[in-house]
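Quick notes on the structure that follows.
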Number of protein chains: 2
Amino acid sequence: MSGTQILDSLLALSQVLEADQARELERRGLTQPRTHLLWVLYQGGPVTQAHLAEAIGVTPRNVTTLVDALEATGFARREAHPTDRRAVLVHLTERGLSIMETMDAEHDALGSDLVAGLDDETVRVTADALQHVLTTLQRLVAEHAARQDEQAEPS
Amino acid sequence: MSGTQILDSLLALSQVLEADQARELERRGLTQPRTHLLWVLYQGGPVTQAHLAEAIGVTPRNVTTLVDALEATGFARREAHPTDRRAVLVHLTERGLSIMETMDAEHDALGSDLVAGLDDETVRVTADALQHVLTTLQRLVAEHAARQDEQAEPS
DNA sequence: TATTGTTATACTCTATAACTATA
DNA sequence: TATAGTTATAGAGTATAACAATA
């Protein structure tokens with residue numbers, strides 16, 4: 001059945017993409033969680049650690065560790081929040097900005113390279129189908145989670 | 001450009017698939033590395049820890065930890081190797097076998113559910129395109145790695 | 001009272017290095 | 001001499017809980 005074939009290709013692609021990315025990041029002195037944090041800074045400008053915790057889906061405690069590491073390696077820096085003395089604003093350094101620009105460009109290049117050799121119509125159909133699969137998956141996951149909650153607390 | 005759109009869908013799909021899987025595994029008292037190990041046992045029968053280390057791509061030291069955890073939680077067990085007194089054979093327990101069968105069936109069901117609502121021709125085109133994208137990615141990664149090695153040791 | 005970020009602690013996965021028992 | 005698995009140790013990511021400073 002082709003559905004299984006699509007899922008297996010998706011899983012294989014995930015694995016290869018992630019392994020390649022991890023190798024690249026290590027070469028540059030980064031890790032995936034730290035890069036995720038830098039990406040949020042690259043997209044949304046200087047933000048508080050509480051905002052980062054929410055954005056990347058970890059506890060504030062772990063943001064402390066990630067920012068410590070990124071400060072130590074020169075990719076980000078803390079600055080005092082102008083109005084809230086409890087908070088800090090995390091900024092990209094020049095080095096951090098430069099590496100995010102590089103990775104952004106590499107991402108675009110990879111997007112093009114991956115479909116080299118496929119004709120435009122195939123690319124269009126595939127892009128639409130993947131969008132549909134993603135939407136379907138999100139719906140399935142949401143339904144699944146709802147069912148679990150129901151079983152957990154049948155109030 | 002649609003190439004970028006495909007890559008972005010792939011990355012989003014990876015993320016949702018992995019998050020959903022992690023949630024499911026936690027509910028069952030498993031983790032991804034432990035499940036990977038169980039999957040190898042499910043596919044290839046009882047094997048040595050050295051074989052497992054090779055198969056799942058971690059050091060033998062870490063297989064010790066993973067098998068310890070799987071023994072403690074009742075999914076796998078060690079047995080003496082019949083001819084090599086240095087080695088142990090890791091077996092699935094009944095519980096381990098049962099959960100792998102369940103997950104195997106869920107995987108198949110997900111494969112079908114994901115493409116529900118797409119017509120057969122679209123599924124066929126998409127499956128072929130993803131296969132092509134996977135092959136292309138593997139080639140790109142291999143070339144990339146070769147270039148890095150070259151730079152590292154220009155003997 | 002609520003929020004921001006930190007210290008304290010613990011668990012999982014990963015790695016290298018040194019060691020024991022056995023091939 | 002080489003291999004199988006372990007103990008020892010370290011680093012990274014994740015979590016909860018308790019706490020200080022500030023809102």
Side-chain angles (χ1 to χ4, degrees), chain A residues 15 18-19 21-41 46-73 75-91, chain B residues 15 18-41 44 46-73 75-91:
Chain A
Q15 202 177 331
E18 191 169 324
Q21 198 202 356
R23 209 164 344 102
E24 269 304 287
L25 292 179
E26 187 184 3
R27 197 173 60 80
R28 291 173 163 148
L30 281 170
T31 63
Q32 284 177 351
R34 292 177 197 178
T35 306
H36 190 176
L37 196 157
L38 292 183
W39 183 251
V40 173
L41 293 180
V47 290
T48 63
Q49 292 190 186
H51 179 103
L52 287 170
E54 169 72 23
I56 70 185
V58 299
T59 60
R61 174 62 185 91
N62 295 317
V63 174
T64 298
T65 309
L66 292 173
V67 174
D68 283 352
L70 288 168
E71 267 196 321
T73 47
F75 293 104
R77 66 171 188 280
R78 289 178 169 98
E79 289 198 5
H81 192 289
T83 62
D84 186 339
R85 287 200 296 169
R86 296 170 305 180
V88 300
L89 286 180
V90 185
H91 294 246
Chain B
Q15 202 178 331
E18 191 169 321
D20 182 51
Q21 197 201 356
R23 207 165 343 102
E24 268 305 288
L25 292 178
E26 187 184 3
R27 198 174 59 79
R28 290 172 163 149
L30 281 169
T31 63
Q32 284 176 353
R34 293 177 197 177
T35 306
H36 190 176
L37 195 156
L38 292 182
W39 183 252
V40 173
L41 294 179
V47 290
T48 63
Q49 294 190 182
H51 179 103
L52 287 170
E54 169 74 22
I56 69 185
V58 299
T59 61
R61 172 61 184 91
N62 295 318
V63 174
T64 298
T65 308
L66 292 174
V67 175
D68 283 351
L70 288 167
E71 268 196 321
T73 47
F75 293 104
R77 65 171 189 279
R78 290 179 169 97
E79 288 198 4
H81 191 289
T83 62
D84 186 338
R85 287 200 297 168
R86 295 170 306 178
V88 300
L89 287 179
V90 184
H91 294 247

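Proteins get letters first, then strands, A, B, ... in listed order; numbering begins at 1 in each. Fair warning: this is a prediction, and the values are worked out from it, not measured in the lab.
- At the phosphate of C:dT7, neither OP1 nor OP2 sits under 4.0 Å from any side-chain N or O atom of A:T64.
- For CD of A:Q15, the number of neighbouring non-hydrogen atoms (other residues, nucleotides, ligands) closer than 6.0 Å is 12 at most.
- A:H51 contributes atom NE2, which lies 11.0 Å from atom CG of A:L89 (distance to the nearest 0.5 angstrom).
- Side-chain atoms of A:R61 stay outside donor-acceptor range of the base of D:dT16, with no qualifying N/O pair under 3.5 Å.
- The listed nucleotides are C:dT14, C:dT4, D:dG5; the one nearest the side chain of B:A87 is D:dG5.
- In this structure, B:N62 places its CG atom 16 Å from P of D:dA12, rounding to the nearest Å.
- For the OP1/OP2 pair of C:dT14 and a distance below 4.0 Å, the side-chain nitrogens and oxygens of B:R34 include no atom meeting the criterion.
- At whole-Å resolution of the value, CG in B:L25 and C1' in C:dC11 are 17 Å apart.
- Between atom CD of residue A:E54 and atom OG1 of residue A:T59 there is a gap of 12.5 Å, rounded to the nearest 0.5 Å.
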Scan nucleotides 20-23 of chain D against the protein and return all N/O pairs shorter than 3.5 Å with their distances rounded to 0.1 Å.
unit_1: D:dA23; atom_1: OP1; unit_2: A:R85; atom_2: N; d: 2.8

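- Residue-level contact check: A:T65 touches neither bases nor backbone, having no heavy atom under 4.0 Å from any strand.
- Interatomic distance, A:T35 OG1 to A:Q32 CD, rounded to the nearest 0.5 Å: 7.5 Å.
- Remark: P of D:dG5 and CD of B:Q49 are 5 Å apart, rounded to the nearest angstrom.
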| task | Could you give me the CA-CA distance, side-chain angles and deciding distance for A:L66 and A:I56, then say whether side-chain contact (heavy atoms from CB on, under 4.5 Å) is met? | result | CA-CA 11 Å; A:L66 292 173; A:I56 70 185; 4.0 Å; yes
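- Note: CG (B:L66) to C1' (C:dC11) measures 13 Å, nearest angstrom.
- In this structure, CZ in A:R34 is found 10.0 Å from CG in A:D68, a value given to the nearest 0.5 Å.
- Residues passing the side chain to side chain contact (heavy atoms under 4.5 Å, CB included) test with A:R77, sequence neighbours excluded: A:E71, A:E79, A:H91, A:T93.
- Atom-to-atom, CG of A:L89 to P of C:dG5 comes out at 9 Å; the value is rounded to the nearest Å.
- At whole-Å resolution of the value, CD in B:E26 and P in C:dC11 are 15 Å apart.
- Residue B:V63 is out of contact with every strand shown, counting any heavy-atom pair closer than 4.0 Å.
- Distance check: A:R86 CZ to A:T48 OG1 gives 10.0 Å after rounding to the nearest 0.5 Å.
- Rounded to an integer number of Å, the gap from B:E71 CD to D:dG5 P is 13 Å.
- Summarising the geometry, the separation between CG on B:D68 and P on D:dG5 is reported as 12 Å, rounded to the nearest angstrom.
- Contact annotation: A:R78 does not reach the phosphate of C:dT4 (side-chain N/O to OP1 or OP2, under 4.0 Å).
- Residues A:L30 and A:L38 are in side-chain contact: their nearest non-hydrogen atoms beyond the backbone lie under 4.5 Å apart.
- B:V58 has its side chain out of reach of B:L52: every pair of non-hydrogen atoms, C-beta onward, lies at least 4.5 Å apart.
- For the segment residues 51-60 of chain B, the set of residues with a heavy atom within less than 4.0 Å of an atom of DNA chain D comprises B:P60, in numerical order.
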